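Note that the structure is a prediction, hence the values are computed from the model and not measured. Letters go in sequence order (proteins before strands), and every chain restarts at 1.
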2 protein chains.
Amino acid sequence: MPSNKTTQCLAFEHHDHQRCQSRLLSAAKQLCHSQNIRLTERREQVLQILLQSHQPMGAYEILGQLNQNPDVSMVAPPIVYRALEFLLSVGLVHRIECKNAFIGCAHPGHASAAQFLICKGCEKVAELDNPTTSLQQEASQVGFMIDHSVVEITGLCAECQADG
Amino acid sequence: MPSNKTTQCLAFEHHDHQRCQSRLLSAAKQLCHSQNIRLTERREQVLQILLQSHQPMGAYEILGQLNQNPDVSMVAPPIVYRALEFLLSVGLVHRIECKNAFIGCAHPGHASAAQFLICKGCEKVAELDNPTTSLQQEASQVGFMIDHSVVEITGLCAECQADG
DNA sequence: TGGCATAATGTTATATTATAACGTAACTTA
DNA sequence: TAAGTTACGTTATAATATAACATTATGCCA
Ligand SMILES: [Zn+2]
Ligand SMILES: [Zn+2]
Ligand SMILES: [Zn+2]
Ligand SMILES: [Zn+2]
């Protein structure tokens, strides 16, 4: 199934992930530079770890990867959580609430509320960036002022359905 | 703003919550009876605690309330988590992922995927039970088979906006 | 350039949320 | 009542997250 503007479900499709990864890293650098905010080495390390795959990672999993390098001294949880806090605030990373995990943003710079499809089979997560208009309508109908929205759909991607 | 079939935002409106509470408890009892599943004393205790308000509660907060009664011996976390597991499985309680908290279902028996409006001001949560058709369409367009959906909208309810 | 303010990182300890593992009691049904 | 099953109780520990404070790096201005 080819990717298109409507669906943007690249995560579940076979693709050149090296390219995917480096494109997102470049975009991140550019975004930070243009906004004059600092993508420090630590922050970039954490982002790179998250961009390795389309599977979300827990904070301690990221911590583990940081500490895999025996040359440098071990770091503690706050290091990771602070880098994540920054990346979340800039919109380079999203939190997957139903998994207490984090994933690199697939559409950096797109301000619209993200929605996620989470496959229980391959554990990959696809990020959609459609405006959630029907929800916004619903909310405004009752006078509710939206600040942030979490939309996480769990199920099976096409490939995992085929695999049984 | 009056409640209506479209919006069902009772939680943010002034209402007779005593009535609200007892109605939901009755519904729960009836639902369990009709499905021949056991709403034991513990499970009912936990449900009643959750039905006290429209604010979600953490598991340890529930635990605290259970242990407030000095007549009976203290209980430990698994007691609460197991009661919650049951209530979640039956659909009498929902989990608010973005708060790691739990809330009594406002529409017991309605099978459709719930959506929540979460006010940052009063911390109340309103449950909508509209079918999330646009999301389902989106998902099916990319061949994704939905199992469970989490829709949690954070913001300010009408009253909290008015309060400044 | 040196000194100051701020931002980022590092470190230690601890809070909060959740589950594993195993034993006991209660209910069900034959 | 015996056997099987479900629910409850208890202890210990895992997994996730943050508070508090010390240190280092960066940016800015005199
Ligand atoms: Zn990729
Ligand atoms: Zn899959
Ligand atoms: Zn009520
Ligand atoms: Zn409110």
Side-chain angles (χ1 to χ4, degrees), chain A residues 28-29 32-33 35-50 55-67 69-90 92-103 123 150 152, chain B residues 28-29 32-33 35-50 55-67 69-90 92-103 123 150 152:
Chain A
K29 285 179 179 169
C32 287
H33 186 259
Q35 294 192 20
N36 204 35
I37 48 184
R38 299 176 53 208
L39 185 61
T40 61
E41 198 178 337
R42 272 279 181 250
R43 291 163 176 177
E44 189 179 322
Q45 280 171 12
V46 169
L47 180 59
Q48 291 220 41
I49 287 170
L50 284 175
Q55 277 129 357
M57 293 179 77
Y60 280 75
E61 208 177 338
I62 297 168
L63 188 65
Q65 289 223 15
L66 280 177
N67 286 335
N69 187 342
D71 300 350
V72 296
S73 66
M74 299 278 272
V75 298
I79 300 293
V80 170
Y81 280 102
R82 280 195 292 235
L84 287 172
E85 185 182 18
F86 169 84
L87 295 166
L88 287 165
S89 74
V90 184
L92 289 172
V93 160
H94 297 292
R95 185 180 159 86
I96 303 297
E97 297 289 351
C98 69
K99 304 196 90 165
N100 292 335
F102 304 87
I103 192 161
E123 303 206 295
V150 171
E152 298 172 359
Chain B
K29 285 179 179 169
C32 287
H33 186 259
Q35 293 191 21
N36 203 34
I37 48 185
R38 298 175 56 207
L39 185 60
T40 62
E41 199 178 337
R42 272 281 180 248
R43 291 164 176 177
E44 189 180 321
Q45 279 171 12
V46 169
L47 180 59
Q48 292 219 40
I49 288 169
L50 285 174
Q55 278 128 358
M57 294 179 76
Y60 280 75
E61 209 178 338
I62 296 169
L63 188 64
Q65 288 224 16
L66 279 179
N67 287 335
N69 187 342
D71 300 348
V72 295
S73 66
M74 301 276 274
V75 298
I79 299 293
V80 170
Y81 281 102
R82 282 195 290 233
L84 288 171
E85 185 182 18
F86 169 84
L87 293 166
L88 287 165
S89 75
V90 184
L92 289 172
V93 159
H94 297 292
R95 185 181 161 86
I96 303 297
E97 298 290 352
C98 68
K99 305 197 88 163
N100 292 335
F102 304 87
I103 193 162
E123 304 205 295
V150 172
E152 298 173 359

Value in whole Å for how far the [atom2] atom of [N] lies from [atom1] of [X]:
| X | N | atom1 | atom2 | result |
| --- | --- | --- | --- | --- |
| N36(A) | dA7(C) | CG | P | 13 Å |
| L39(A) | dA25(D) | CG | C1' | 16 Å |
| I79(A) | dT11(C) | CD1 | P | 7 Å |
| L66(B) | dC8(D) | CG | C1' | 13 Å |
| K99(B) | dT16(C) | NZ | P | 15 Å |

Roughly how far, to the nearest 0.5 Å, is the [atom2] atom of [Y] from the [atom1] atom of [X]?
| X | Y | atom1 | atom2 | answer |
| --- | --- | --- | --- | --- |
| L63(A) | M57(A) | CG | CE | 10.0 Å |
| I49(B) | F102(B) | CD1 | CZ | 13.0 Å |
| Q55(A) | K99(A) | CD | NZ | 8.5 Å |

task = Please determine, for the side chain of F102(A), which listed nucleotide (dT9(C), dA7(C), dA17(D)) has the closest atom?
result =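 Per side-chain heavy atoms of F102(A), the pick is dA17(D).
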For [X] and [N], is the shortest distance between a side-chain N/O and OP1 or OP2 below 4.0 Å?
| X | N | result |
| --- | --- | --- |
| T40(A) | dT9(C) | yes |
| R43(A) | dA7(C) | no |
| R95(B) | dA18(C) | yes |

inquiry  = Can you work out whether R42(B) or N100(B) has the more 5'-proximal nearest nucleotide on DNA chain D?
reply    =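 First, find each residue's nearest nucleotide; the 5'-ward one identifies R42(B).
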note = Counting primed atoms, P, OP1 and OP2 as sugar-phosphate and everything else as base, the B/S/- map of nucleotides 19-24 of chain C against protein heavy atoms under 4.0 Å is BBB---
inquiry  = Less than 4.0 angstrom from a charged side-chain N to a carboxylate O is my criterion; do K29(A) and E44(A) meet it?
reply    =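 Yes, charged N to carboxylate O under 4.0 Å.
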request  = Mind grabbing the angle between the end helix axes of the helix from dT1(C)-dA30(D) to dA30(C)-dT1(D)? Five pairs an end, 10° rounding.
outcome  =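 Inter-axis angle at the termini of the helix from dT1(C)-dA30(D) to dA30(C)-dT1(D): 30°.
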query = A76(A) or F86(A): which one's nearest nucleotide on DNA chain C is closer to the 5' end?
reply =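 Closest to the 5' end, via its nearest nucleotide, is F86(A).
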